[in-house]
Amino acid sequence: MLLMKDIVREGNDVLRKVTDEVTFPLSDETKKLAEDMMTFLKNSQNPELAKKHQLRPGVGLAANQVGVSKAMSAVLIPDADDNIIMEEMLINPKVIRQSVRKVALGEGEGCLSVDRNVPGYVPRANKITIRYQNMDGEFIEKTLKGYEAIVCQHEIDHLNGHLFYDRINQENPFFVETNMLILE
Ligand SMILES: O=CN(O)CCNC(=O)c1cccc(Cl)c1Cl
Ligand code: NI
């Protein structure tokens with residue numbers, strides 16, 4: 001199972017490279033990696049297992065965060081009652097439409113690859129349409145807004161070598177762009 005020791009931290013170039021397109025049919029190795037990534041997220045969201053294995057909680061994980069430069073991310077988003085509202089492996093994901101309107105989380109963002117708090121709003125498109133492939137290679141288009149849109153943009157950024165703090169306004173980290181929504 002994947003543990004925190006397997007998570008690549010900032011400073012490692014693999015986090016700054018554009019990841020390689022995933023080809024189909026998936027190799028057994030790539031299938032196992034996808035399963036391990038989703039299992040990591042589930043374990044990280046389970047208080048008992050997270051404590052036992054010292055896991056930081058995550059709602060997404062990109063392959064290059066575990067040192068594999070492939071364009072795939074696991075996303076596991078629970079709602080306030082711990083009901084899963086999104087559980088997807090995003091393979092070769094692309095944002096094909098995005099709103100002008102921006103959104104940012106009021107408490108900022110965090111990243112397993114960043115062992116420090118970086119305060120500030122991370123402005124992202126409030127509504128996006130993504131096109132990606134599932135584990136069978138079928139193309140899926142999904143429109144997301146708010147928190148799900150934020151998480152998927154955080155992951156797709158990883159796959160393109162970006163980290164969340166690249167998007168924080170350097171002059172004023174809590175600058176609110178015109179019409180930007182702040183999500184508490
Ligand atoms: O890339 C994934 N991670 O680094 C896992 C840890 N971070 C989070 O779960 C997280 C936390 C806050 C906001 C967003 Cl958007 C995300 Cl994604
Ligand atoms: Ni991250």
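Heads up: numbering here begins at 1 and tracks the sequence. Note that ligands are numbered from 1 as they come in the structure, with each ligand's atoms numbered from 1 the same way.
- Here the closest non-hydrogen pair linking M180 and P123 is SD-CB, 3.8 Å.
- Between E109 and R124, at least one side-chain N (NZ, or NE/NH1/NH2) sits under 4.0 Å from a carboxylate O, which counts as a salt bridge.
- Atoms of ligand 1 found under 4.0 Å from any heavy atom of E109 (numbered from 1 in listed order, with element): 12 (C), 13 (C), 15 (Cl).
- Checked against the 6.0 Å centroid criterion, the rings of H154 and H158 qualify as a close aromatic pair.
- Distance check: S99 OG to K127 NZ gives 8.0 Å after rounding to the nearest 0.5 Å.
- Heavy-atom minimum distance, G161 versus R16: O-NH1, 2.8 Å.
- In this structure, a donor-acceptor pair under 3.5 Å is absent between the side chains of Y132 and E141.
- Looking only at protein heavy atoms, the nearest one to atom 12 (C) of ligand 1 is G110 N, 3.5 Å.
- In summary, the side chains of T143 and T129 do present a donor paired with an acceptor at a separation below 3.5 Å, with no hydrogens or angles considered.
- In this structure, R167 forms no cation-pi arrangement with Y121, as its terminal cationic atom is not both closer than 6.0 Å to the ring centre and no more than 45° off the ring axis.
- For atom 13 (C) of ligand 1, the candidate residues are L105, V114, I77; the nearest heavy-atom contact is made by L105.
- A donor-acceptor pair under 3.5 Å is formed between the side chain of Q45 and the backbone N or O of G58.
- Here E155 has side-chain heavy atoms under 4.0 Å from ligand 1, and that is the only part of it that gets that close.
- Scanning the protein heavy atoms around atom 5 (C) of ligand 1, the nearest turns out to be G60 O, 3.2 Å.
- Given atom 9 (O) of ligand 1, the protein heavy atom at minimum distance is V59 N, 2.9 Å.
- When non-hydrogen atoms are compared, ligand 1 lies under 4.0 Å from the side chain of H158 (C-beta onward) but not from its backbone.
- The pair D20-K70 fails the salt-bridge criterion, with no side-chain N (NZ, NE, NH1 or NH2) lying under 4.0 Å from an Asp/Glu carboxylate O.
- Protein heavy atom nearest atom 14 (C) of ligand 1, with residue, atom name and distance: H154 ND1, 4.0 Å.
- Between Q65 and ligand 1 there is a heavy-atom distance shorter than 4.0 Å.
- Between R116 and E10, at least one side-chain nitrogen of the basic residue sits less than 4.0 Å from a carboxylate oxygen of the acidic one, meeting the salt-bridge criterion.
- In this structure, the protein non-hydrogen atom closest to atom 4 (O) of ligand 1 is L112 N, 2.9 Å.
- Protein N/O/S atoms closer to the Ni ion (ligand 2) than 2.8 Å number 3 in this structure.
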